[in-house]
Amino acid sequence: MLIIFPKEAVHAASRGLVLWYTAAFPSLFPFAVGTSLLINLNFVSLISKTAAPFSKKFLGISPEGFFVFLSGITSGYPIGIQTLTEMYSAGHISKSEAVRLSAYCSNSGPLFILGSVGTVMLANPKAALTILSCHYAAPLILGIVLRHTYPSKKIQPVKYLLKAKTSAKLCLFLLKKAVNQ
């Protein structure tokens, strides 16, 4: 097709890049940086402690795994899988839990569905709400169904990167690290 219709192919590719830049990028970038900052600034433990009863009882995952689940639902892909990779690499979740979480932490984010799909692509916000409710229901149902599959192994908690340091230099370093990831 590129050889037969090069002008149309270039035009379609440029329209696709503009659509990505105006619709997809704004809905993904803030979550990528924000999630990485939350991990590096030790907010995972705060969120994990709050969600521990729900995460163990209904989803069968550790409190740290719930953070991965939550980031997948609120941020969408590829942020959910990126968070899963970071948490597993840092030793916060076990391999068996990472396998189970990978089944239901990669979803479309609400900003993407409501903004990009609903407003830009479909021009129908009501349809976007229906799609969003399905995207929230599916991983919750899957999490409940899979809660007894691949039982989580207890792992030793790993010390997070930060203790109480909040200097501007460290914050800039973490922001740069989050953007690069």
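The analysis underlying the following values was restricted to heavy atoms, covering all of them including side chains, and did not include hydrogens, waters or symmetry mates. Quick caveat: nothing in here was measured; it's all calculated off a predicted structure.
Ser71 approaches Gly80 most closely through the heavy-atom pair OG-CA, 4.2 Å. Between Tyr88 and Ala98, the shortest heavy-atom distance links the atoms CD1-CB, 4.1 Å. Residue Glu64 comes nearest to His92 through the heavy atom pair CB-O, 3.8 Å, listed as atom of the first residue, atom of the second, then distance. Minimum heavy-atom separation, Pro110 to Ile73: CD-O, 3.5 Å.
Here the OG atom belonging to Ser108 is positioned 10.5 Å from the OH atom belonging to Tyr136, to the nearest 0.5 angstrom. Thr22 OG1 to Leu17 CG: the interatomic distance, rounded to the nearest 0.5 Å, is 10.5 Å. If you take CZ on Arg15 and NE2 on His11, they are separated by 5.0 Å, rounding to the nearest 0.5 Å. Note that CG of Leu114 is 5.0 Å distant from CG of Leu132, once rounded to the nearest 0.5 Å. How far CZ of Arg100 is from NZ of Lys95: 14.5 Å, rounded to the nearest 0.5 Å. The CD1 atom of Ile61 sits 12.0 Å away from atom CZ of Phe67, with the distance rounded to the nearest 0.5 Å.
Ile131 is listed as a side-chain neighbour of Leu122, based on a closest heavy-atom distance under 4.5 Å.
Hydrophobic clustering places Met121 together with Leu129 (ILVMFWY residues linked when any side-chain heavy atoms are closer than 4.5 Å, directly or through intermediates).
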Practice task
Under the side chain to side chain contact (heavy atoms under 4.5 Å, CB included) rule, what do Leu84 and Ile93 come out as? Steps first, then yes or no, please.
Solution key: CA-CA 8 Å; Leu84 173 68; Ile93 58 174; 3.5 Å; yes
